[in-house]
There are 2 protein chains.
Amino acid sequence: MKQTGDLNLVKKINKTIVLHHIRTDSPISRARIAEITGLTKATVSSLVNELIESSLAQEIGVGESSGGRKPMMLLFNGTAGYAIGVDLGVHDMLAVLTDLTGKVIREKRIQHHNESVNQVTQLLKMTIRELIETAPESVYGVIGIGLGVPGIVDEEGNLLFAPNLGWENVPMQSQLEAEFGLPVVIDNEANAGAVGEKQFGAGKETANLIYVSIGMGIGAGIIIKNELYRGATGFSGEIGHISIQHDGPKCRCGSLGCWELYASEHALLEQAERELGHEVDLASLLTKAESGDAGVIKLFERLGYYLGVGVVNIINGYNPEFIILGGRLAGGEKWLMRPLLDLLEKRSLPHPRKQLKVEFSELRDRSTVLGAASFAVTKFFASTTVSVERS
Amino acid sequence: MKQTGDLNLVKKINKTIVLHHIRTDSPISRARIAEITGLTKATVSSLVNELIESSLAQEIGVGESSGGRKPMMLLFNGTAGYAIGVDLGVHDMLAVLTDLTGKVIREKRIQHHNESVNQVTQLLKMTIRELIETAPESVYGVIGIGLGVPGIVDEEGNLLFAPNLGWENVPMQSQLEAEFGLPVVIDNEANAGAVGEKQFGAGKETANLIYVSIGMGIGAGIIIKNELYRGATGFSGEIGHISIQHDGPKCRCGSLGCWELYASEHALLEQAERELGHEVDLASLLTKAESGDAGVIKLFERLGYYLGVGVVNIINGYNPEFIILGGRLAGGEKWLMRPLLDLLEKRSLPHPRKQLKVEFSELRDRSTVLGAASFAVTKFFASTTVSVERS
DNA sequence: CTAAGTTTGTTTAATGAATTTACAAACTTT
DNA sequence: AAAGTTTGTAAATTCATTAAACAAACTTAG
């Protein structure tokens, strides 16, 4: 059912717009908001005063005048509440407490051995509880929890399938909501990463971007017109399983020649082990490359080539303005970048490529956790802007 | 800038909703609309009366009662205006005059030899003018022109690049608007086809679908949540240039092993010519296959396999509910379908595949032209719903 | 055939958010 | 000090929706 229009809706729309400007363009005056938005000064004044009353905005003092009464500058009150973000990894979890602007107040990183769903969930709950307890006093308190997971999540926040964790059908959202009595948002780690980069990282200025998370597998979060794009059923971007060789080796997904068989951390390690004859991990490979080991550098360069092959497919399939490469493999940027760019130069269509940027993540391993916290904040505003207006 | 809210907006929203129900659920009474939408009877009554006044709705007579006053049934007035749709092909164009419901009133199919942009454009204008002149008398007359083209179009309706026509940078929209003084919408033929299938074809009941147009090249139109998805810069879905073999043969786009090198009409003909030793066209191949020519049937089956490879990529990358295969090659459905479905069964991820349908187009070569006409109608409603409400 | 109940659609008054207009306060510039 | 600018608030007006009441038109039970 489509949402019908009424006065409530109008107020909600305008209040959201005013709050948006206070959040992003602050410090800003009432008059300036009226000018930018096209709303009258009276309307802006009234909405701003309600926002101040609900502690989301505050007056910070007078600003500079350009030949008239000095404006009263407004600031978003980032400490009216706090959010929890968690990046649940295969062998570790990173959790943060942020304020409403996304500023990290506290951070906890914990290893786990993924013995069972239950054990990891217990650890997760403990970690979240600890962060909640250390949150500073504030008007709204902790307003919600966001969680990025390495797997497929449905619209009800059930973790349907997480191959690298070996989990299936875990009702994460309802479990956590029951435990803490707070709103919980769960999404794929690549989606969270995309939002993290969009809000706080390299993608701040870009409306359309794709965040490619290169870890054990490859995932992607797609942002179109400033919004996360989800496929039909809420999960999209199983981009690691786009085949780059139709008669290639068999993938556990059933298909042949999937991109992540060639360009993931797992692919790199496997290749390295075959060539070196013993088990290795990513950290040691990075060290070796750093010290000039030609064989290992070659491995990275080859990975760069394969990354490029998939990136060209992304460009042709989605036509983004900006591709951000993240995940743990981003540490190999130094050796991956050149072969990747060479390949793009050669192979991508001229029209889509015109204004394309490709970069490695700025936030490194924090994209996902910050995006997760941002989910919680977004959900909070989506709900309060309605309820506040009812008062 | 975000759109602010005011009473105008509210009315526009509600009027659009009411009109939507009259268009899709008719015959329907005012009371029933109020019930479905949640608007009050008074509001619905007022909006319906305005729609009647502007000739977009009409009262058709009383309906059946269930124990009270009989309802006055409402109908959408499809003949309040007419739209032109054109599917501009590489060697022909198909043009239709439809009413506002999309019903075809008149159809013209014309061959052309694509001698020059100018000549084809002249032919296009002649064809459109003829259809306009034969349009029945109506309140709004011909309300706009929609055009599907085999190439990349920007937001201003410039045809940037149409490789199979050999055209570049043609300001189609402004040319046609200047010529006819009517609103013109231009889009890629695959996008138009997707909208056509969504409105009038196999996709009527589906909110998320991908229409794959298999012609000389391969294109795709993507509909997510009932809306056409466009990439960052307005054109997306150059899906034919997703590589299915990273070290495959060189494509004119610069990349290697593009899908359309394996699964397009062009690929089929090339293959056939190599095996048969002389030039052939699609029609003759279809005839041969129909008469049981094992060699030709084998060619189609192989094409089916390659179609499947790309379709699996689409599934993993976009996660649609429904894939509709259209374009001229759809005529080979009989031999393409089985190998394609076999491959899907084997290779696609279990989760996305769960509720997936794959079908060949119902509308055959009319998907694009109907979608194009529908663009014009949609644009008309988007504009009138505003202007009508100002009166 | 009548009375009671139901359903439809209109009328009237109330609500409330934005706009328009006016204005006071607080500045800068000449 | 006077004139002009800019900011923010106040009062009156506008207008689409809602709520409540109601008239008209119909079905059904007895």
Whole-Å distance separating the [atom1] atom of [X] from the [atom2] atom of [N]:
X      : N       : atom1 : atom2 : answer
K15(B) : dC15(D) : NZ    : P     : 15 Å
L9(B)  : dT14(D) : CG    : P     : 22 Å
I33(A) : dT7(D)  : CD1   : P     : 12 Å
L74(B) : dG9(C)  : CG    : C1'   : 11 Å
E64(A) : dT6(D)  : CD    : P     : 15 Å
K12(B) : dC15(D) : NZ    : P     : 19 Å
K41(B) : dA24(D) : NZ    : P     : 15 Å

Which part of the nucleic acid, if any, lies within contact of [X], taking any heavy atom under 4.0 Å across all strands shown: a base, the sugar-phosphate backbone alone, or nothing?
X      : value
A42(B) : base
S66(B) : sugar-phosphate
S29(B) : sugar-phosphate
K70(B) : sugar-phosphate
S65(A) : sugar-phosphate

For this session: Check whether the side chain of R69(B) and the base of dT8(C) form a donor-acceptor pair under 3.5 Å.
Result: yes
Exercise. For N14(A) and dA18(C), is the shortest distance between a side-chain N/O and OP1 or OP2 below 4.0 Å?
Worked result: yes
Problem set entry | Partner of V96(B) by side-chain contact (heavy atoms from CB on, under 4.5 Å), out of V104(B), I105(B), V86(B), L131(B) | V104(B)
Exercise. Just one of N77(B), L74(B), L56(B) clears the side-chain contact (heavy atoms from CB on, under 4.5 Å) bar with L51(B), so which one?
Worked result: L56(B)
For this session: Please indicate whether E227(A) has more than 12 foreign heavy atoms, meaning atoms of other residues, nucleotides or ligands, lying under 6.0 Å from its CD.
Result: no
Seminar exercise, completed: Out of dA18(C), dT8(C), dT17(D), minimum distance to the side chain of P71(B) belongs to dT8(C)
Problem set entry | Closest listed nucleotide, where the reference is the side chain of A31(B) and the choices are dT8(C), dA17(C), dT20(C) | dT8(C)
For this session: Run the salt-bridge test on E50(A) and K11(A) with the 4.0 Å N-O cut-off and return the result as yes or no.
Result: yes
Exercise. Under 3.5 Å, is there a donor-acceptor pair linking the side chains of N226(B) and K198(B)?
Worked result: yes
Seminar exercise, completed: Between S46(A) and R30(B), the residue closer to the 5' end of DNA chain C by nearest nucleotide is R30(B)
Problem set entry | Toward the 5' end of DNA chain C, by each residue's nearest nucleotide, G67(A) or T43(A) | T43(A)
